[in-house]
Amino acid sequence: AQSVAQPEDQVNVAEGNPLTVKCTYSVSGNPYLFWYVQYPNRGLQFLLKYITGDNLVKGSYGFEAEFNKSQTSFHLKKPSALVSDSALYFCAVRVFYGQNFVFGPGTRLSVLP
Amino acid sequence: DAGVIQSPRHEVTEMGQEVTLRCKPISGHDYLFWYRQTMMRGLELLIYFNNNVPIDDSGMPEDRFSAKMPNASFSTLKIQPSEPRDSAVYFCASSLRVTEAFFGQGTRLTVV
């Protein structure tokens with residue numbers, strides 16, 4: 001069965017510092033990996049994706065993520081955090097044969113001024 | 001495109017009543033997903049469609065839940081009868097094959 005783990009429920013970081021939100025996955029075959037962000041009372045917004053090619057992918061708002069096949073990880077990173085980055089972040093994997101998305105439990109990011 | 005459109009945004013109903021949630025996917029997308037989000041259970045996939053055909057409904061909690069997609073531009077999620085434990089935010093999302101999904105703003109359902 002496919003699964004996504006986000007080992008940290010909460011991540012706190014000071015404004016201006018680098019941030020990392022961790023994600024590991026378990027899937028049969030080649031994974032399609034995604035990061036989404038959710039602000040209060042809003043839907044999920046797409047940030048970035050890995051389908052194939054370069055392991056480092058860049059997305060919206062200065063976020064990037066690195067696909068590591070040997071560690072089955074897809075950590076989200078940003079060099080300098082902003083207070084406005086505070087939100088709930090979801091990692092997701094899309095399974096090829098079924099085409100549905102499996103989401104992780106989410107990580108709440110708090111950027112402190 | 002206006003994105004995925006869900007209605008209503010908020011619904012408050014009494015236990016035992018029928019509730020219908022509506023979704024208009026992005027034009028041209030051939031996958032449609034219904035998710036439910038709660039504090040306790042996080043984001044759960046209820047059902048998804050491909051080309052208007054239900055592919056996997058194993059996430060539908062009970063027979064009280066049903067979903068339809070009569071055409072490529074419209075889907076409904078119905079709960080009959082509703083119960084307080086159905087209170088949650090329900091999201092609809094659409095996508096093409098392989099690509100990311102685009103989510104609607106959600107319907108916040110409260111059953112009293």
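The structure presented is a predicted model; accordingly, all values stated were derived computationally and were not measured. All chains are named by letter (A, B, ...) in the order of the sequence lines, taking the proteins before the strands, and each is independently numbered beginning at 1.
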B:T107 side chain to B:E11 side chain, donor-acceptor N/O pair below 3.5 angstrom = no
Using distance alone, with no hydrogens and no angle criterion, decide if B:Q17 and B:S82 have a side-chain donor and acceptor under 3.5 Å apart.
-> no
Under a 4.5 Å heavy-atom cut-off, does chain B meet the side chain of A:L44, its backbone, both or neither?
-> both
Side chain, backbone, both or neither: which part of B:L96 has a non-hydrogen atom closer than 4.5 Å to chain A?
-> backbone
Quick one: what part of A:F34 sits under 4.5 Å from any heavy atom of chain B, side chain, backbone, both or neither?
-> side chain
Considering only heavy atoms, which portion of B:E44 lies under 4.5 Å from any heavy atom of chain A: side chain, backbone, both, or neither?
-> neither
Hey, which of B:R9, B:R108, B:Q37 has the most heavy atom pairs under 4.5 Å with chain A?
-> B:Q37
Chi angles and distances behind the salt bridge (charged side-chain N to carboxylate O under 4.0 Å, His left out) call for B:D30, B:R97 = CA-CA 7 Å; B:D30 54 356; B:R97 185 176 176 84; over 6 Å; no
For residues 30-93 of chain B, the disulfide (SG to SG under 2.5 Å) pairs (sequence neighbours left out) are B:C23-B:C92
Side-chain polar contacts of residues 15-27 of chain A - donor-acceptor pairs under 3.5 angstrom, sequence neighbours left out - could you list them?
none

